Student: 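Can you read through this structure? Questions will come right after.
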2 protein chains.
Amino acid sequence: MSADGSCICPRITVDVVIFGLGDESLQVLLVTGRPGAYQGRWAIPGGFLGERESLKEAAARKLEEETGLTDLFLEQLYTFGEPPRDPSQRVITVAYYAVAPANAMRCVDSAQADRVRWWPCDALPGLALDHAEIVSYALTRLRYKLEYTAVGFELLPETFTLSELQAAYEIVLGEPLDKRNFRRKILSADVIEPTAEYRLGEGRPARLYRYRADAVAEVKARRLFP
Amino acid sequence: MSADGSCICPRITVDVVIFGLGDESLQVLLVTGRPGAYQGRWAIPGGFLGERESLKEAAARKLEEETGLTDLFLEQLYTFGEPPRDPSQRVITVAYYAVAPANAMRCVDSAQADRVRWWPCDALPGLALDHAEIVSYALTRLRYKLEYTAVGFELLPETFTLSELQAAYEIVLGEPLDKRNFRRKILSADVIEPTAEYRLGEGRPARLYRYRADAVAEVKARRLFP
DNA sequence: ACAAAAGTGTTGAGAGTACACCCATGC
DNA sequence: GCATGGGTGTACTCTCAACACTTTTGT
């Protein structure tokens, strides 16, 4: 609102839940020190909408400010805005969520880990305001989306092995998957293609695959009704 | 913004796409004469968010103001807000969509059909602002939701015949369905139960069913991945 | 040669789809 | 008795889920 208090229309913030894939868990990027009523708690990145910015541009800007990353998967999630006790401070939050590929997660400066860092989804600190609800909502959406679109590939670097892909799915969905069924299904969906490269490791080298840019991941979900 | 122009923060409107089922098509409720930059065109119902209202309360209020109906299915759709040329007039719209049962559609006063009336989805007039986009988005969501939840029943009165239910699905999905498969599937889903009543008509009387309030419509969609 | 991870097929069960005729009522 | 819409069963196909061993490399 303006300094003289002549305007009581609500202000708009755009907040972004940023997901990344850790070794053993899905992670979320949190920051401290957001101005306003955050009381020093950890919060998801966000801020006020600029005057000439679209909602998505504002979300992309916040994402870049905290991670330096651009062109990530970014989608509007939901708009939160329960009226607070004091209507003069009312804030409406348009929440977005984004997915950072594994190798990009290192872009977050570990020198300032007391201000911005990755947290595992299943062990978050107490969050400011209604941010716990927003993260929980985003997680539900991500899991859901993983099952009927190709978002899963956004979590991985450009090339990956089938075992890495399976591990990513297992971490996000929180359940183990059968190796042979997984491979058959993912290959028959025709959305990845083998490269000529192999990843060397402790055992037999694993073929590297890449997501096919031209892949149209048709959503043929089985209908519940009718 | 305030009268003296000291505040340029965007204003928030809440707009509602209200669906109902006509004899041969899905319909949407539109109004004329909304104040502001609507230029006399047809628009979806909506208005500014009250100071102490939640977003959903505002949507329910708009719904009741135009139809007199309460307790309909009502869900947040998406938030629209591209910046206009003049940022001092910026408006962010939180869009909701609602589903009115067939018998409730008559609550709309046909005496003022020049101000508020139902339009078939496939033959809408030119709409104000970005409202055509909002309706189209809502329609996609409704179709989608019809396939994996029990929203379909919101379109029908409390009791209905299986033929009426099938017709509702065919109208919304825009494709014909096989009668025997439809009946088997809907009955085995265990979400409706027969009443003792029959609907008399031109041919053999048809059994009336009702939606089971205790039905848990489990969503077991087939995963695309993995 | 052994440890470690990659890679590979088959079978049984359940769900989806296509398809044609008899039934109960009003006129 | 006939026109009108209501109601019913079967056979084939496809997808899913469960399950264990061989292959390739580094040490």
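Here is the naming used below: chain letters follow the sequence lines, and residue numbers restart at 1 for every chain. Since the structure is predicted, the reported quantities are computational estimates derived from the model, not experimental observations.
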Student: What string of B, S and - do you get for nucleotides 19-27 of chain C, 5' to 3', when a contact is any protein heavy atom under 4.0 Å?
Tutor: BB--BBS--
Student: Just call it for A:S163: base, sugar-phosphate, or nothing, with non-hydrogen atoms closer than 4.0 Å on any strand.
Tutor: sugar-phosphate
Student: With sequence neighbours left out, write down each residue that passes salt bridge (Lys or Arg N to Asp or Glu O under 4.0 Å) with B:R199, or none if nothing qualifies.
Tutor: B:E164
Student: I need the CD-C1' distance between B:E164 and D:dG5, as an integer number of Å.
Tutor: 12 Å
Student: With sequence neighbours excluded, tell me which residues meet side chain to side chain contact (heavy atoms under 4.5 Å, CB included) with B:T140.
Tutor: none
Student: In this structure, how many angstroms lie between the P atom of D:dC16 and the CG atom of A:L177, rounded?
Tutor: 13 Å
Student: Return the set of residues passing side-chain hydrogen bond (donor to acceptor under 3.5 Å, both in side chains) with A:T32 (not counting sequence neighbours), or none when no residue passes.
Tutor: none
Student: My understanding is that only residues two or more places apart in sequence, or in another chain, count here; which of them pass salt bridge (Lys or Arg N to Asp or Glu O under 4.0 Å) with B:E75?
Tutor: B:R141, B:K145
Student: Could you give the CZ-to-C1' distance, from B:F182 to D:dG7, as a whole number of Å?
Tutor: 14 Å
Student: I'd like to know if A:R183 pairs up with A:D178 as an ion pair, taking the criterion as any Lys NZ or Arg NE/NH1/NH2 lying under 4.0 Å from an Asp or Glu carboxylate oxygen.
Tutor: no
Student: OP1 or OP2 of C:dA6 sitting under 4.0 Å from any side-chain N/O of A:R207?
Tutor: no
Student: For A:Y198 and C:dA6, what is the distance between atoms OH and P respectively, to the nearest whole Å?
Tutor: 13 Å
Student: Send over the distance from B:Y209 OH to D:dG7 P, rounded to a whole Å.
Tutor: 6 Å
Student: Roughly how many Å is it from CG in A:L165 to C1' in C:dA5, rounded to a whole number?
Tutor: 16 Å
Student: Write down the distance between CG (B:L187) and P (D:dT8), rounded to a whole number of angstrom.
Tutor: 8 Å
Student: Could you tell me which residues satisfy salt bridge (Lys or Arg N to Asp or Glu O under 4.0 Å) with B:E53, sequence neighbours excluded, listed by chain and number?
Tutor: B:R61
